[in-house]
Participant: 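Got a structure for you, written out below as structure tokens; questions coming shortly.
Keep in mind that the numbers below use all heavy atoms, side chains included, and drop hydrogens, waters and symmetry copies. Numbering of ligands and ligand atoms starts at 1, following listing order. Computed from a predicted model, the values in this text were never measured in an experiment.
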Amino acid sequence: MMHANGNPNTPPEGEQSLFRKILDGTSNAVDPSDRRAVLARQLRTQTDLDDAALDRLVRRFYSLARVDPDLGPIFNAQVADWEAHFARMVDFWASVSLLAGRYHRNALEAHRALRLRPEYFERWLGLFDQALQEEVSPPAREHLLTIARRIAANLSSRLCANAP
Ligand code: HEM
């Protein structure tokens, strides 16, 4: 799971999403089987994102998150191999934001044992936005933040339902 529709490799629904804007602007003359390729290319063009930018973003995010008083201890206790984690997160972001199709794991299950609280997701989003502002273009920031908010809400509702 990652999007509300349950598949990390298909675009999420949503009026405001860049996915929707590009698809709405794609000519009906484009063969349906080519639409995914057109979308993937347009996402890269319109955001200026690529693996190198996502790698910088991921590293900046964790440099902030690892010293956060609440989130830092969780990450530092769980992640043994940071380079492997960064590579996995670049695959994840490339897949959910650029349709790279390189992330095939279950992110929900990875968080289940962490006893996350709803306010941790707010903090996570704040730090992610700080990293976005520092590392990526304004359209990329908007695109990634829209996706991150949706996933955070999804994780929070599934993982924190019984939180006090
Ligand atoms: C409440 C804040 C969060 C905390 C404290 C947190 C913590 C963690 C930790 C400790 C791991 C490593 C698990 C492991 O390797 O054993 C992890 C993995 C991961 N996190 Fe989060 N996370 C949070 C929110 C999010 C959000 C909002 C997203 C997405 C927008 C996300 C996406 C991921 C992904 C994709 C992985 C890799 C899972 C895997 O494939 O094993 N996390 N997270």
Participant: Within the side chain of H143, is there an N or O that forms a donor-acceptor pair under 3.5 Å with the backbone of S97?
Facilitator: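 Yes; judged by distance alone, with no hydrogens or angles, the pair exists.
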Participant: Report yes if some N/O of R105 lies less than 3.5 Å from some N/O of ligand 1; otherwise report no.
Facilitator: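 In this structure, R105 places an N or O atom under 3.5 Å from an N or O of ligand 1.
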Participant: State whether the side chain of S63 and the backbone N or O of R60 hold a donor-acceptor pair below 3.5 Å, judged by distance alone.
Facilitator: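 The answer is yes, because a donor-acceptor pair under 3.5 Å joins these two groups.
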Participant: Judging by distance only, is a nitrogen or oxygen of W93 under 3.5 angstrom from one on ligand 1?
Facilitator: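 No; the residue has no nitrogen or oxygen that sits under 3.5 Å from a nitrogen or oxygen of the ligand.
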Participant: Taking the six-membered ring for Trp, is the centroid-to-centroid distance between W93 and F128 below 6.0 Å?
Facilitator: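 Ring centres of F128 and W93 closer than 6.0 Å.
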Participant: Counting each atom of ligand 1 from 1 as listed, which ones have a heavy atom of L114 under 4.0 Å away?
Facilitator: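 Those qualifying, in numeric order: 7 (C), 8 (C), 9 (C), 10 (C).
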Participant: Using atom types as modelled and distance alone, determine if a side-chain donor or acceptor of S95 lies under 3.5 Å from a backbone N or O of A100.
Facilitator: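 No; zero donor-acceptor contacts below 3.5 Å.
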Participant: Specify side chain, backbone, both or neither for Y103, according to which of its non-hydrogen atoms lie closer than 4.0 Å to ligand 1.
Facilitator: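 The answer is the side chain of Y103.
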Participant: Drop me the distance from L108's CG to R158's CZ, to the nearest 0.5 angstrom.
Facilitator: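 One gets 6.0 Å once the value is rounded to the nearest 0.5 Å.
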Participant: Is the W82 ring parallel, tilted or perpendicular to the F75 ring (thresholds 30°, 60°)?
Facilitator: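 Aromatic pair W82/F75 classed tilted.
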Participant: Quick one: look at N106 and ligand 1, take heavy-atom pairs under 4.0 Å, and tell me if it's side chain, backbone, both or neither.
Facilitator: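 Within the 4.0 Å criterion, N106 makes no contact with ligand 1.
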Participant: Kindly say whether G72 contributes a backbone atom to a donor-acceptor pair with the side chain of N76 at under 3.5 angstrom?
Facilitator: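 Yes.
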Participant: Any heavy atom of H85 closer to ligand 1 than 4.0 angstrom?
Facilitator: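 In this structure, H85 qualifies as a contact of ligand 1 - some heavy atom is under 4.0 Å.
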Participant: Heavy atom to atom 19 (C) of ligand 1, shortest distance: which of R123, R115, H111 holds it?
Facilitator: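 Among R123, R115, H111, the closest heavy atom to atom 19 (C) of ligand 1 belongs to H111.
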Participant: Out of all atoms in ligand 1, which are within 4.0 Å of some heavy atom of Q78? Include the element for each.
Facilitator: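 Ligand 1 atoms under the 4.0 Å threshold to Q78: 10 (C), 16 (O).
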Participant: Quick one: pull up CZ in R102 and CG in D91 and give me the separation to the nearest 0.5 Å.
Facilitator: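 Here the rounded value is 4.5 Å.
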Participant: So which bit of I147 gets within less than 4.0 Å of ligand 1, heavy atoms only: side chain, backbone, both or neither?
Facilitator: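 I147 to ligand 1: no contact under 4.0 Å from either part.
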Participant: Tell me the contacting part of F92 for ligand 1: side chain, backbone, both, or neither, using a 4.0 Å heavy-atom threshold, strictly below.
Facilitator: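 The answer is the side chain.
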Participant: What distance separates K21 NZ from L43 CG, expressed to the nearest 0.5 Å?
Facilitator: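 So the NZ of K21 and the CG of L43 are separated by 11.5 Å.
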Participant: Classify the contact between F121 and ligand 1 as side chain, backbone, both or neither, using a heavy-atom distance cut-off of under 4.0 Å.
Facilitator: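 The answer is both, backbone and side chain.
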Participant: Using heavy-atom distances only, which candidate in R150, M89, E122 approaches atom 34 (C) of ligand 1 most closely?
Facilitator: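 Going through R150, M89, E122 one by one, M89 has the nearest heavy atom to atom 34 (C) of ligand 1.
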Participant: Show which atoms of ligand 1 fall inside a sub-4.0 Å distance from at least one heavy-atom site of I151.
Facilitator: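 Near I151, meaning under 4.0 Å from one of its heavy atoms, ligand 1 has 29 (C), 30 (C).
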Participant: Going by the order shown, which atoms of ligand 1 are within less than 4.0 Å of some heavy atom of A110?
Facilitator: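 Every atom of ligand 1 under 4.0 Å from some heavy atom of A110: 38 (C), 39 (C), 41 (O).
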